[in-house]
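So the structure is just underneath, and the comments pick up after that.
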2 protein chains.
Amino acid sequence: MGTLTVGEVARESGVSGSAVRFYERQGLITAARTGGNQRRFDPDAACRIRVARVAQRVGLTVNDIRDLLAVLPPNPEPADWQGLHDRLTAEAERRIRELHAALDDIGSGRRLCDL
Amino acid sequence: MGTLTVGEVARESGVSGSAVRFYERQGLITAARTGGNQRRFDPDAACRIRVARVAQRVGLTVNDIRDLLAVLPPNPEPADWQGLHDRLTAEAERRIRELHAALDDIGSGRRLCDL
DNA sequence: CTAGGACTTGAACTAATGGTGAAGTCAATG
DNA sequence: CATTGACTTCACCATTAGTTCAAGTCCTAG
C-alpha cells in the first residue's frame with residue numbers, strides 16, 4: 001500500500017523529515033514498514049499533513065489534530081472532508097468569539113482599573 | 001509610594017504570589033523596596049496584572065506584554081489607556097484576520113488534497 | 001520583646017509544545 | 001560490492017509560564 005518514503009512525503013507536504021516522523025509518532029499519519037524497518041506512506045499522508053498545518057494555524061495542538069484526523073479514513077470521501085471542514089470551521093469561529101470577548105473586556109479596562 | 005505587599009497584590013489581582021514575583025522579574029510591574037528588602041507595590045500593580053491577563057487571552061506572551069505595559073506610566077491618564085486599548089485591539093483583530101485566512105484555506109482543502 | 005505569619009533569594013522543577021540532532025543502518029546505483 | 005544519500009531510534013533541545021523548595025529575614029500584634 002505505502003509507497004512514499006519520509007523524504008518524499010516531506011517534500012510533498014512542505015515539512016521537514018523529522019517533522020514527518022514526529023507526526024507519525026503522534027498518530028497524525030500512519031506508515032507501513034519495509035523489511036528493513038523503513039516507513040512507507042500512502043499518498044494521502046502529505047495531504048493529511050497539509051490539513052494538519054492549517055489546523056495548527058487555527059490554534060489546534062498536535063494532540064487536537066490527532067483526534068481530528070482520526071475520523072478521516074484513508075482515501076477520504078467528500079463527506080469525510082465535509083465533517084473535517086465543519087469541525088475546523090467551528091473551532092476557528094469559537095476562537096474568534098473568544099477574541100471578541102477579550103476585546104470587550106479590554107474596552108472596559110479603564111473602568112476595571114480606575115486608580 | 002508603594003504600599004501593597006506581594007500578598008495584597010496577589011489577592012487584588014487574582015493571581016498567586018509566585019506569579020506576582022514572576023511578573024515583577026519579567027518587568028510587567030515594578031516594586032519599591034522596604035529597608036528589609038521586601039517589595040512594596042503601587043496600587044496600580046494589580047490593575048496592570050489584570051490588563052496582562054486580558055492580553056494573555058488575546059494571545060500575547062509575557063514578553064509581548066512587558067513591551068505593551070512599558071508605555072503605560074504609573075497613574076495612567078485616559079490617553080495612556082487609549083493607546084493600550086488600541087494596541088490590544090489591533091493585535092486581536094490581526095489574529096482574527098489570521099483565523100479567517102485559515103478558514104479560507106480550509107474551504108479549499110478538498111481541492112488541495114484531491115487523491 | 002517575641003512569636004509566627006508573610007516575606008526574601010536562587011535554583012530546581014513541572015508540564016506542555018513542537019520538534020532537532022547524533023550515531024548508526026539500509027538500499028539502490030554505478 | 002562499495003558508496004552515498006536516505007533512513008532508523010532515542011535522547012535531547014528550546015520556549016512558555018509559572019511553581020516549589022530550602023534556608024533564612026522581616027514586621028507587626030499582643
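In what follows, every chain begins at residue 1, and chains take the letters A, B, ... in the order their sequences are listed. This one's a predicted model, so the numbers in the text were calculated from it and none came from an experiment.
Under 4.0 angstrom from either OP1 or OP2 of dT8(C) there lies at least one side-chain N or O belonging to R21(B). Taking 4.0 angstrom as the limit, R53(B) places a side-chain polar atom (N or O) nearer than this to OP1 or OP2 of dG18(D). At dA11(D), none of the side-chain N or O atoms of R25(A) fall inside 4.0 Å of OP1 or OP2 (strictly under the cut-off). Between R33(B) and the phosphate of dT9(C), there is a side-chain N or O to OP1/OP2 separation shorter than 4.0 Å.
R87(B) CZ: 12 or fewer foreign heavy atoms inside a 6.0 Å radius.
Relative to the side chain of N63(A), the nucleotides dG19(C), dT17(C), dG18(D) differ in distance, and dT17(C) lies closest. The side chain of R39(B) lies closest to dT8(C), out of dA17(D), dT19(D), dT8(C). Considering only side-chain atoms of Y23(A), the nucleotide from dT8(D), dT8(C), dG19(C) that sits closest is dG19(C). Listed nucleotides: dT17(C), dC7(D), dT19(D). Nearest to the side chain of S18(B): dT19(D). Taking only side-chain atoms of T61(B), from C-beta outward, the nucleotide of dG18(D), dT16(D), dG19(C) with the closest atom is dT16(D).
Spacing between atom CD of E24(B) and atom P of dT19(D) amounts to 15 Å, rounded to whole angstrom units. A straight line from CD of Q26(A) to C1' of dG19(C) spans 9 Å, rounded to a whole angstrom. Residue L4(B) contributes atom CG, which lies 15 Å from atom C1' of dC7(C) at whole-angstrom precision. Look at CZ on F41(B): it is 10 Å from P on dC7(C), rounded to the nearest Å. When the P atom of dG19(C) is taken as reference, atom CD1 of I29(A) falls 12 Å away, rounded to whole Å. The distance from atom CZ of F22(A) to atom P of dT17(C) is 10 Å, rounded to the nearest whole Å.
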* Stepwise, does the side-chain contact (heavy atoms from CB on, under 4.5 Å) test hold for I49(A) with L28(A)? -> CA-CA 8 Å; I49(A) 291 175; L28(A) 274 61; over 6 Å; no
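R95(B) and E91(B) are joined by a salt bridge, as a carboxylate oxygen and a charged side-chain nitrogen come within less than 4.0 angstrom of each other. Between E98(B) and R94(B) there is a salt bridge, since a side-chain N of the basic residue sits under 4.0 Å from a carboxylate O of the acidic one. A salt bridge does not link R21(A) with E24(A): none of the charged nitrogens is closer than 4.0 Å to a carboxylate oxygen.
No donor-acceptor pair closer than 3.5 Å links the side chain of R11(B) to the backbone N or O of S16(B). Using a distance-only test at 3.5 Å, with no hydrogens or angles considered, no donor-acceptor pair links the side chain of R39(A) to the main chain of V20(A).
Of all heavy-atom pairs spanning R48(A) and L72(A), the tightest one is NH1-O, 2.7 Å. Taking both residues in full, the closest heavy atoms of A10(A) and G17(A) are given as CB-N, 3.9 Å, listed atom of the first, atom of the second, then distance.
Checking T61(A) against D64(A) by side-chain atom types alone, a donor-acceptor pair falls below 3.5 Å.
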* Base-contact (B) and sugar-phosphate-only (S) positions in nucleotides 22-30 of chain D, heavy-atom cut-off under 4.0 Å, - elsewhere -> ----SS---
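In the helix from dC1(C)-dG30(D) to dG30(C)-dC1(D), the rotation axis of the first five pairs and that of the last five pairs differ in direction by 10°, rounded to 10 degrees.
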